[in-house]
Amino acid sequence: MTYVRGGWLLALLVPCAAALAAQPAQFDPQHSRFGFEIRTRFGQRIEGVFPRFEARATALPDGQHQVTLRMFSQYVEIPGKPRYTGWMRGEEFFDVERYPVVEFRSDPYSPDVIANGGDVQGWLTIRGISRRETLRLAEPECARPGYDCDLVSRGTILRGRYGMDSWQMALSDRVTFILRTRLAGDPPK
């Protein structure tokens, strides 16, 4: 059973549904935000961001697309909380000295997912551990997703499945990745 509930990674470089052209749209890193949240056992929400990331989308010959996302965990931050930032970068969580990148590589998917939302499967790698996950992109809230509104995606994982099982008494096992993505350039006509 998969525990990821969200298309957190699909929001990166996918085209609008009307743009089923050969090349996926490029993302706008200035107006995109990749983050996560984890809750304490007392209900406090701790929010983090990945200020450095990169993504690549590929149009496949059959019209489907495939996306690869890399979030550089060595730059992960818990804004305003340097002590928490240190914990997230440390050996008990992302272990950035040994594993500086979190990566997702999707299976081929239909660009129609942008217009309707939906599931995409792929491989998620955290701390050198790769697992098959199913991700969901939320249904867009505008006619030109990524241009007139953010492509919003979420994915919840169990951190223990990726070797991040410290602090179980204080922190929830669930980590929710939240991505708000904007696309660069002009929308397709």
Exercise. Any sub-3.5 Å donor-acceptor pair from D173's side-chain atoms to L158's backbone N or O?
Worked result: no
Exercise. Which pair of non-hydrogen atoms, one from L151 and one from P145, has the smallest distance, and what is that distance?
Worked result: CD2-CB, 3.3 Å
Problem set entry | Q66 and L60, any side-chain heavy atoms less than 4.5 Å apart | yes
Exercise. Is there a path from F94 to I46 through hydrophobic residues (I, L, V, M, F, W, Y) whose side chains come within less than 4.5 Å of each other?
Worked result: yes
For this session: Could you list the residues that satisfy side chain to side chain contact (heavy atoms under 4.5 Å, CB included) with R45, not counting sequence neighbours?
Result: E37, R39, E47
For this session: Report the C-alpha distance between R182 and D28 in whole Å, list the side-chain angles of each, state the deciding distance to 0.1 Å, and finish with yes or no for salt bridge (charged side-chain N to carboxylate O under 4.0 Å, His left out).
Result: CA-CA 5 Å; R182 288 291 179 130; D28 180 350; over 6 Å; no
Exercise. Any side-chain donor-acceptor pair under 3.5 Å between T156 and T176?
Worked result: yes
Exercise. Is there a path of hydrophobic side-chain contacts, each under 4.5 Å between heavy atoms of I, L, V, M, F, W or Y residues, that connects V76 with I129?
Worked result: yes
For this session: Please check if the side chain of S106 supplies one atom and the backbone of P108 the other of a donor-acceptor pair under 3.5 Å.
Result: no
Exercise. Is the backbone of I38 close enough, under 3.5 Å, to the side chain of R159 for a donor and an acceptor to pair up by distance?
Worked result: no
Exercise. Rounded to the nearest 0.5 Å, what separation is found between the OG1 atom of T125 and the CZ atom of R70?
Worked result: 10.5 Å
For this session: Please say whether more than 12 non-hydrogen atoms of neighbouring residues, nucleotides or ligands are located less than 6.0 Å from CD in Q44.
Result: yes
Problem set entry | Aromatic ring pairing F50/F36, orientation class (parallel under 30°, perpendicular over 60°, tilted between) | tilted
Problem set entry | Quiz item: cation-pi between R131 and W123, 6.0 Å / 45° | no
Exercise. Is F104 close to T68 at the side-chain level, that is, under 4.5 Å between some pair of heavy atoms?
Worked result: no
Exercise. With distance as the sole test, does T85 use its side chain to make a donor-acceptor pair with the main-chain N or O of I78 at under 3.5 Å?
Worked result: yes
For this session: Quick one: sort the Y84 and W87 rings into parallel, tilted or perpendicular, breaks at 30° and 60°.
Result: parallel
For this session: Quick one: do L124 and V102 satisfy side-chain contact (heavy atoms from CB on, under 4.5 Å)? Show the steps, please.
Result: CA-CA 8 Å; L124 176 64; V102 172; 4.2 Å; yes
Seminar exercise, completed: Closest non-hydrogen contact found for R89 with S73 is CG-O, 4.2 Å
Exercise. Could you give the distance from CG (D148) to CG (L183), rounded to the nearest 0.5 Å?
Worked result: 10.5 Å
Exercise. What's the shortest heavy-atom distance between V152 and L137, and which atoms?
Worked result: O-CD1, 3.5 Å
Exercise. CG/L135 to CG/L179 distance, rounded to the nearest 0.5 angstrom?
Worked result: 10.0 Å
For this session: Verify whether the ring centers belonging to F34 and F53 lie closer than 6.0 Å.
Result: yes
Exercise. In this structure, are over 12 heavy atoms from other groups packed under 6.0 Å from Q74 atom CD?
Worked result: yes
Seminar exercise, completed: Note: V49 and P51 closest approach over all heavy atoms is O-CD, 3.3 Å
Seminar exercise, completed: Separation between OG (S153) and CD1 (I178), nearest 0.5 Å, reads 9.5 Å
Exercise. Using 30° and 60° as the class limits, which term best fits the ring planes of H65 and Y109: parallel, tilted or perpendicular?
Worked result: perpendicular
Problem set entry | Euclidean distance, R161 CZ relative to E133 CD, rounded to 0.5 Å | 5.0 Å
Exercise. Can you tell me if D62 and Q64 form a side-chain donor-acceptor pair at under 3.5 Å?
Worked result: yes
Problem set entry | Flag side-chain contact, heavy atom, 4.5 Å: E103 against L69 | no
Exercise. With a 3.5 Å cut-off and no angle check, do the side chains of R127 and Y99 form a donor-acceptor pair?
Worked result: no
